[in-house]
Amino acid sequence: MPSLLLPCPLDLTSTLLGGQSFSWNPLPRSRFAGWIGPHPVQLHLHHESIHWDNSALSSSQIHHYFSLDLNLSSLLQPHLPTNPHLATAIQLHPGLRPLRENPWECLVNFICSSLKQITHIRQIHARLRSTFGGPNQSFPSPARLAEAGELSLRKCALGYRAKHLAATAQILSQEPHRLEIPSSWSTEQAAQHFEQLPGVGPKISRCVLLYSYGRLDAFPVDVWVDRLLRQLYFPKKRKPFRLAHLETWSQKQFGPFRGLAQLLLFHWFRTSTPHSRPRP
DNA sequence: GGTTGACCTGCGCA
DNA sequence: CTGCGCAGGTCAA
């Protein structure tokens, strides 16, 4: 049973179920079953180490998946004094980590995420694996989902998202290199590159960059971020935000690691007591 | 260039 | 049991 001594706190529940990945299922005794890349695996923490049951996964793969190379609080340190909310979020959830999810899997998840709650995205994800997945229910390739087509994708309860997913799968099955992002590209460039794909807009492109490419300056704005920014930073604002404005604002407010700020604030806001949040 | 509807489905709640 | 509102957005007019 391989294991790895953790260099920092790790909260598996908030990290694996908080809306970055959708392939994990909680088991009794605080274990989690899911996949890292093509490898099915069960995880659990014990004595400040993480243990896993699939020896096909190396320590460095686990290390990479949970971004254990990053010291989150020191990255955000310069912006904590001016952001008490962020300081609170990091204090309450010190073990929440940014994942480095498989890019294709992540892209599919977020194409399916439109107007869906986390629990339902997880259901769709599970159906895609069980219906179209390979051995060990590994996540279906672009070619496999392209071959499946819109109609059979709709049978996985994707609704209108099926059309976008089928089209994107078709494109990526023929041009797999479009998932490769040169490190010389800016995050903004990479986002525009992904937005060429059907069903991928500014929100999803940035989710994929943040949750699977480790682009910590990607700042996805969804309805939750919209709500928390309104409540915590712009209590008087009524009109809708301009995305371009939020891009520069978040840069100034949270710095080059503003994606981490998004991750922490998003999780804190979503899990805080309902009466402290605005009524939808 | 910014606005406005349409778009599937499943769940919670009256 | 039936109906209605709503939910990690994107696209096209």
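Proteins come first, then strands; the chains are lettered A, B, ... in the order of their sequence lines, and each starts at number 1. Below, all heavy atoms of this structure are taken into account, side chains as well, without hydrogens, waters or symmetry copies.
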Item to complete: Can you tell me the distance, in whole Å, between the NE2 atom of A:His120 and the P atom of B:dG12?
Response: 11 Å
Discussion item. From CD of A:Glu150 over to C1' of B:dC7, roughly how many Å is that when rounded to an integer?
Written reply: 11 Å
Worksheet item: Nearest-Å distance, CD (A:Gln192) to P (C:dT10)?
Response: 14 Å
Worksheet item: When the aromatic ring centroids of A:Trp249 and A:Phe254 are compared, is their separation below 6.0 Å?
Response: yes
Practice prompt. Respond yes when some side-chain nitrogen or oxygen of A:Arg242 is under 4.0 Å from OP1 or OP2 of B:dT3, and no when none is.
Written response: yes
Discussion item. If I compare all heavy atoms of A:Val221 with all of A:Asp226, which pair ends up nearest, and what's the gap?
Written reply: CG1-N, 4.5 Å
Discussion item. Categorize A:Pro220 for me: base, sugar-phosphate, or nothing, with a 4.0 angstrom heavy-atom threshold over every strand shown.
Written reply: nothing
Practice prompt. Specify the residue among A:Leu197 and A:Ile118 whose closest nucleotide of DNA chain C lies further upstream toward the 5′ end.
Written response: A:Ile118
Worksheet item: When the P atoms of B:dC8 and C:dA13 are considered, how many whole Å apart are they?
Response: 15 Å
Discussion item. Does A:Arg97 qualify as a cation-pi partner of A:Tyr65, given the criterion of NZ or CZ under 6.0 Å from the six-membered ring centre and within 45 degrees of its axis?
Written reply: no
Worksheet item: Among C:dG9, B:dC11, C:dC11, which is the nearest nucleotide to the side chain of A:Asp222?
Response: C:dG9
Worksheet item: Just wondering, more than 12 heavy atoms not from A:Gln251 lying within 6.0 Å of its CD?
Response: yes
Item to complete: Whole angstrom is fine here: how far is it from CD in A:Gln117 over to C1' in B:dG10?
Response: 9 Å
Discussion item. Using a heavy-atom cut-off of 4.0 Å across all strands, would you classify A:Ile204 as base, sugar-phosphate, or nothing?
Written reply: sugar-phosphate
Discussion item. Once hydrogens and angles are ignored, does a donor-acceptor distance under 3.5 Å link the base of C:dT10 to the side chain of A:Lys203?
Written reply: no
Worksheet, complete the sentence: Rounded to whole Å, NZ of A:Lys116 lies from C1' of B:dG12 at a distance of 14 Å
Practice prompt. Look through every strand shown and name the nucleotide pairing with B:dC8 as Watson-Crick or G-U wobble, where both distances are under 3.5 Å.
Written response: none
Response to the item:
Result for 5'-nearest mapping on DNA chain B, choosing between A:Arg127 and A:Leu115, is A:Leu115
Worksheet item: Are any of A:Arg227's side-chain N or O atoms less than 4.0 Å away from OP1 or OP2 of C:dA7?
Response: yes
Discussion item. Once rounded to the nearest 0.5 Å, what's the spacing between atom CG of A:Leu92 and atom OG of A:Ser14?
Written reply: 11.0 Å
Item to complete: Check whether any side-chain nitrogen or oxygen of A:Arg161 sits under 4.0 Å from OP1 or OP2 of B:dC7, and answer yes or no.
Response: no
Worksheet item: What is the distance, rounded to the nearest whole Å, between atom CD1 of A:Ile124 and atom P of C:dG9?
Response: 12 Å
Practice prompt. Specify whether A:His44 and A:His46 have parallel, tilted or perpendicular ring planes, treating 30° as the upper limit for parallel and 60° as the lower limit for perpendicular.
Written response: tilted
Worksheet entry | A:Leu107 CG - C:dG9 P separation (whole Å) | 16 Å
Item to complete: In whole angstrom, give the distance that lies between atom CG of A:Leu243 and atom P of B:dG2.
Response: 10 Å
Fill in: Watson-Crick or G-U wobble mate for C:dC1, both contacts under 3.5 Å
none
Item to complete: Counting heavy atoms from C-beta on, name the nucleotide in B:dC11, C:dG9, B:dT9 closest to the side chain of A:Ser114.
Response: C:dG9
